[in-house]
J.: 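Quick one: this structure, given as structure tokens, is what I'll be asking you about.
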Number of protein chains: 2
Amino acid sequence: MGEKITSLDVARLAGVSQSAVSRVFTPGASASKKTIEKVRRAAAELGYRPNVLARAMVSGKSRMIGLVVAYLENYFYPEVVEKLSKALQEQGYHVLIFMASQTAENIDDVVEEILDYQVDGIVAASVAMGSELSARCRAAGVPVVLLNRTQDDERLSAVTSDNVAGGRKVAEYLVAGGHERIGYIAGWEGASTQRDREFGLRVGLEMAGKSLYAREVGDFREARAQEAARRMFAGRDRPDAVFAANDHMAFVVMDVLRYELGLSVPGDVSVIGYDDVPIAAWPAYDLTTVRQSATRMVAETVSILMDLIENPSADPRRIAIDAPFKERGSARKPGRQGQ
Amino acid sequence: MGEKITSLDVARLAGVSQSAVSRVFTPGASASKKTIEKVRRAAAELGYRPNVLARAMVSGKSRMIGLVVAYLENYFYPEVVEKLSKALQEQGYHVLIFMASQTAENIDDVVEEILDYQVDGIVAASVAMGSELSARCRAAGVPVVLLNRTQDDERLSAVTSDNVAGGRKVAEYLVAGGHERIGYIAGWEGASTQRDREFGLRVGLEMAGKSLYAREVGDFREARAQEAARRMFAGRDRPDAVFAANDHMAFVVMDVLRYELGLSVPGDVSVIGYDDVPIAAWPAYDLTTVRQSATRMVAETVSILMDLIENPSADPRRIAIDAPFKERGSARKPGRQGQ
DNA sequence: TATAGAGTTGCATGCGAATGCAATATGAGA
DNA sequence: TCTCATATTGCATTCGCATGCAACTCTATA
């Protein structure tokens with residue numbers, strides 16, 4: 001066991017030089033029909049396949065993309081992982097995955113580790129990068145694309161949905177539905193998605209001459225969202241509508257309302273989320289939400305990444321894809337004349 | 001941009017040889033305090049970090065583990081990905097992820113690609129490997145561990161839960177609960193988990209002098225499970241209990257029963273799943289199920305993998321971890337004297 | 001038939017780090 | 001202070017493949 005087949009073995013069997021073998025397996029290199037034939041046959045006989053790592057050493061291209069994810073608990077991210085991985089596979093790239101702890105600082109260590117693997121690019125999903133770190137990536141010539149998060153640093157590419165517009169749509173819908181006391185369950189305050197969605201919501205409310213009635217922080221985490229919901233609905237004059245900064249928290253909120261407090265959704269309280277993860281469509285939740293298409297976001301991410309890899313001097317791009325409102329049954333619907 | 005720092009740069013700055021630098025960064029190599037100090041200082045100054053790929057070339061160890069997953073739609077797998085990735089990171093390994101199409105054949109291509117990256121080991125979650133392929137891995141000296149799936153090939157290591165026992169527990173619980181017409185929503189027939197869970201269920205029923213009342217195939221897929229549930233409950237004399245081969249299908253079944261057919265769970269029909277994914281605990285489902293601990297399965301997988309990597313001649317191991325029954329509210333509970 | 005031009009091929013080298021070996025430095029014991 | 005065992009160090013080589021360069025083989029044109 002363990003006898004590696006190298007290009008030299010193939011070369012010997014085919015009666016050609018090692019370079020010839022290399023050229024046969026290098027797209028764009030020149031080789032005669034006869035040589036190709038001989039090499040292919042020998043390679044097949046020996047079961048030879050080029051060593052990607054060795055190839056990476058000399059070419060400087062590893063064809064690996066580092067993916068940093070903080071938590072797969074929010075089912076938007078498994079979707080991202082799956083689709084990103086598939087999309088990159090189609091481009092001949094593969095994904096090296098790194099789980100970052102929720103703790104903000106650790107991301108930097110993780111990125112260092114990623115860089116050690118000589119990845120050709122990095123996708124950072126739902127995590128922030130220190131400016132020092134992004135500088136290192138730039139120095140190393142490794143493009144970085146933030147996914148579902150933005151940062152002030154203009155030199156970082158980023159793909160998000162249009163969170164501000166999305167938040168505004170929620171406000172408009174709730175106002176049109178005649179809600180009076182609108183609460184907001186915030187995500188982790190450090191996240192741009194959180195800030196933007198809240199900002200959009202507030203702007204939308206203001207434009208209707210209203211303002212936020214209640215606000216609690218759920219940090220995008222299940223347990224925290226649960227506590228947040230309990231706090232928000234503890235007193236009397238409870239909100240008649242809640243916008244949760246993502247679907248994952250919206251489910252928790254619905255569960256608290258229905259199963260702990262015995263309230264009806266949307267009868268007593270309307271609930272709206274953000275993301276439109278698959279579960280949102282399940283009838284048990286039937287969650288009204290804002291659709292953030294993982295497919296489209298991944299497609300944009302891959303596109304940007306490929307551009308940046310091919311043309312390292314290209315400008316970073318920041319994209320906010322359209323986030324359509326998705327009406328379902330968890331929020332009271334505006335009357336016929338509404339909206 | 002792009003000026004790579006190599007060990008040679010560090011060596012020059014520190015006034016030592018390249019080998020000295022290498023030794024400082026190689027655990028277990030010998031170097032004097034003074035040298036270590038000089039090298040560390042120079043490395044820090046230049047921001048040097050060893051190139052993992054170059055290291056892999058000469059050492060033959062890439063410290064990468066290939067992970068093959070078919071679909072993240074079933075939320076058991078995101079858990080696996082997250083925990084496996086973290087556990088391996090702690091061991092100094094990293095995960096190269098590969099999505100396999102559901103189609104059975106493609107897995108072989110994917111494994112070839114993985115091998116190209118010189119991974120030190122492969123974890124195949126919920127996918128089967130052709131015998132030819134596993135032979136190649138063996139020839140290449142790359143250990144393979146199947147996760148949540150077994151195969152006849154004795155030379156393959158595998159970690160599953162005790163699916164047969166789990167299935168039997170479900171049968172016993174349903175019988176104890178006084179159910180008369182027990183249906184089964186099967187998973188994909190090619191999966192060992194499917195076969196074992198069904199086998200356990202049937203054995204359990206037989207031991208109680210009963211047999212399966214209805215059976216439909218859901219293929220572990222959402223859409224198929226939906227159709228399966230509809231078919232199963234189309235006629236009169238419908239089942240009074242259903243065991244779905246995994247939680248993911250159980251949720252679909254519950255939704256069909258409750259929201260399409262207007263039946264009560266567990267009032268009219270008891271539903272039991274398998275896996276105990278996080279959603280099973282959500283009050284909207286409160287699913288009675290069999291607990292298959294991703295944490296424990298991942299721990300075993302890592303342990304086997306590390307053993308196999310350190311000692312390539314070690315025997316493959318096949319482990320079925322205990323799968324405790326988890327009683328919740330989606331199935332009628334046996335009376336006090338029951339069970 | 002001679003010959004420029006394009007298409008092939010092999011040689012030699014390099015990517016960045018680990019390691020066997022031999023040379024040297026260090027320290028302990030006498 | 002001298003000797004020998006042990007710890008450090010550098011040299012040179014190696015991992016598997018890609019690629020610049022020079023030598024070479026064709027083929028088409030004059």
Side-chain angles (χ1 to χ4, degrees), chain A residues 2-40 42-43 46-64 92 115-120 140-142, chain B residues 2-40 42-43 46-64 92 115-120 140-142:
Chain A
E3 68 287 355
K4 305 268 183 199
I5 312 292
T6 75
S7 58
L8 201 57
D9 297 322
V10 177
R12 272 194 285 259
L13 180 59
V16 297
S17 72
Q18 179 268 325
S19 358
V21 176
S22 170
R23 289 195 174 96
V24 170
F25 285 94
T26 304
S30 92
S32 69
K33 284 226 158 49
K34 210 189 325 170
T35 302
I36 294 180
E37 176 61 18
K38 281 192 294 186
V39 169
R40 282 251 130 79
L46 296 175
Y48 167 77
R49 307 203 105 219
N51 179 329
V52 175
L53 263 37
R55 177 174 284 188
M57 278 235 44
V58 30
S59 71
K61 260 69 198 58
S62 66
R63 303 201 75 82
M64 294 195 287
L115 257 16
D116 294 347
Y117 278 87
Q118 313 297 115
V119 294
D120 293 340
V142 178
Chain B
E3 69 288 355
K4 305 269 181 195
I5 313 292
T6 73
S7 59
L8 201 57
D9 297 321
V10 178
R12 273 192 286 259
L13 179 61
V16 298
S17 71
Q18 179 269 326
S19 356
V21 177
S22 170
R23 290 196 174 95
V24 170
F25 286 93
T26 304
S30 92
S32 68
K33 283 223 157 51
K34 209 189 325 169
T35 302
I36 293 180
E37 177 60 19
K38 282 192 293 186
V39 169
R40 281 251 130 81
L46 296 174
Y48 168 79
R49 305 203 106 218
N51 179 328
V52 175
L53 264 35
R55 178 175 283 186
M57 278 236 41
V58 30
S59 71
K61 259 69 200 58
S62 65
R63 302 201 75 83
M64 294 195 288
L115 258 15
D116 294 347
Y117 279 87
Q118 314 297 117
V119 295
D120 293 342
V142 177

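Numbered from 1 within each chain, the chains take letters A, B, ... in sequence-line order.
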J.: Describe the nucleic acid contact of A/Val16 in one word from base, sugar-phosphate, nothing, applying a heavy-atom distance below 4.0 Å.
T.: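 Sugar-phosphate, no base atom in range.
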
J.: With sugar-phosphate meaning primed atoms plus P, OP1 and OP2, does B/Ser19 contact a base, only sugar-phosphate, or nothing at under 4.0 Å between heavy atoms?
T.: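 Touches a base.
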
J.: Any residue in residues 48-64 of chain B with a heavy atom nearer than 4.0 angstrom to DNA chain D? Just list them by number, or reply none.
T.: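 Contacts with DNA chain D under 4.0 Å: B/Met57, B/Val58.
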
J.: What is the distance from atom CG of B/Asn51 to atom CD1 of B/Ile5, rounded to the nearest 0.5 Å?
T.: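 Rounded to the nearest 0.5 Å, the CG-CD1 separation comes to 12.5 Å.
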
J.: Tell me the interatomic distance from A/Gln18, atom CD, to C/dG14, atom C1', rounded to whole angstroms.
T.: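 My rounded result for the distance is 12 Å.
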
J.: Does a side-chain heavy-atom distance below 4.5 Å link A/Asp120 with A/Val142?
T.: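 A side-chain contact under 4.5 Å is absent here.
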
J.: Passes side-chain contact (heavy atoms from CB on, under 4.5 Å), A/Tyr117 versus A/Ser62? Steps please.
T.: CA-CA 8 Å; A/Tyr117 278 87; A/Ser62 66; over 6 Å; no

J.: Under the 3.5 angstrom rule, does the side chain of B/Thr26 hit a backbone N or O of B/Ala29 as a donor-acceptor pair?
T.: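 Checking the backbone N and O of B/Ala29 against the side chain of B/Thr26, no donor-acceptor pair under 3.5 Å is found.
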
J.: Any cation-pi pair here, B/Arg40 with B/Phe25, using under 6.0 Å and within 45°?
T.: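 Yes, a cation-pi geometry.
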
J.: A/Tyr117 has an atom OH; how far is it from atom P of C/dG16, in whole Å?
T.: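 After rounding, the gap between these two atoms is 18 Å.
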
J.: Within the side chain of A/Arg63, is there an N or O that forms a donor-acceptor pair under 3.5 Å with the backbone of A/Gly92?
T.: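 Checking the backbone N and O of A/Gly92 against the side chain of A/Arg63, a donor-acceptor pair under 3.5 Å is found.
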
J.: Using the side-chain hydrogen bond (donor to acceptor under 3.5 Å, both in side chains) criterion, which residues pair with A/Asp116? Sequence neighbours excluded.
T.: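 With neighbours one apart ignored, the set is B/Arg49.
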
J.: Figure out the CD1/P separation between A/Ile36 and C/dG7, and round it to whole Å.
T.: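 Spelled out: CD1 on A/Ile36 to P on C/dG7 is 14 Å.
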
J.: Taking atom P of C/dG10 as reference, at what distance in whole Å does atom CG of A/Leu8 sit?
T.: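 A/Leu8 atom CG is separated from C/dG10 atom P by 12 Å.
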
J.: At what distance, to the nearest 0.5 angstrom, does CD1 of A/Ile36 lie from NZ of A/Lys33?
T.: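 The CD1 atom of A/Ile36 sits 7.0 Å away from the NZ atom of A/Lys33.
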
J.: Which of residues 25-32 of chain B sit near DNA chain D, with a heavy atom under 4.0 Å from it?
T.: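 Here the set is B/Ser30, B/Ala31, B/Ser32.
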
J.: Looking only at side-chain N and O atoms, does B/Ser32 offer a donor or acceptor that is under 3.5 Å from a partner on B/Thr35?
T.: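 Yes.
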
J.: Calculate, to the nearest 0.5 Å, the distance between atoms CG and OG belonging to A/Leu8 and A/Ser17 respectively.
T.: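 Result: 9.5 Å between the selected atoms.
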
J.: Are A/Val16 and A/Val21 packed together at the side-chain level, in the sense that at least one heavy-atom pair is separated by less than 4.5 angstrom?
T.: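 In short, these two side chains touch, coming nearer than 4.5 Å.
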
J.: State the CD-CG distance between A/Gln18 and A/Asp9, to the nearest 0.5 angstrom.
T.: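 Reported to 0.5 Å precision, the distance equals 11.0 Å.
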
J.: Whether the side chain of B/Arg23 and the base of C/dG20 hold a donor-acceptor pair under 3.5 Å is what I'd like checked.
T.: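 When only heavy-atom distances are counted, B/Arg23 does reach the base of C/dG20 through a donor-acceptor pair under 3.5 Å.
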
J.: What is the 5' to 3' range of DNA chain D, first to last nucleotide, that sits under 4.0 Å from any heavy atom of chain A?
T.: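 Taking any atom under 4.0 Å from a heavy atom of chain A, the span is D/dG16 to D/dC21.
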
J.: So how far off straight is the helix from C/dT1-D/dA30 to C/dA30-D/dT1, going by the axes through five pairs at either end, to 10°?
T.: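 One end axis against the other gives 30°.
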
J.: Please tabulate the protein-to-nucleotide N/O contacts below 3.5 Å involving nucleotides 22-27 of chain C, giving atom names and distances.
T.:
none

J.: First locate atom CD of A/Gln118, then atom CG of A/Leu53, and finally report the distance between them rounded to the nearest 0.5 Å.
T.: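 Result: 10.0 Å between the selected atoms.
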
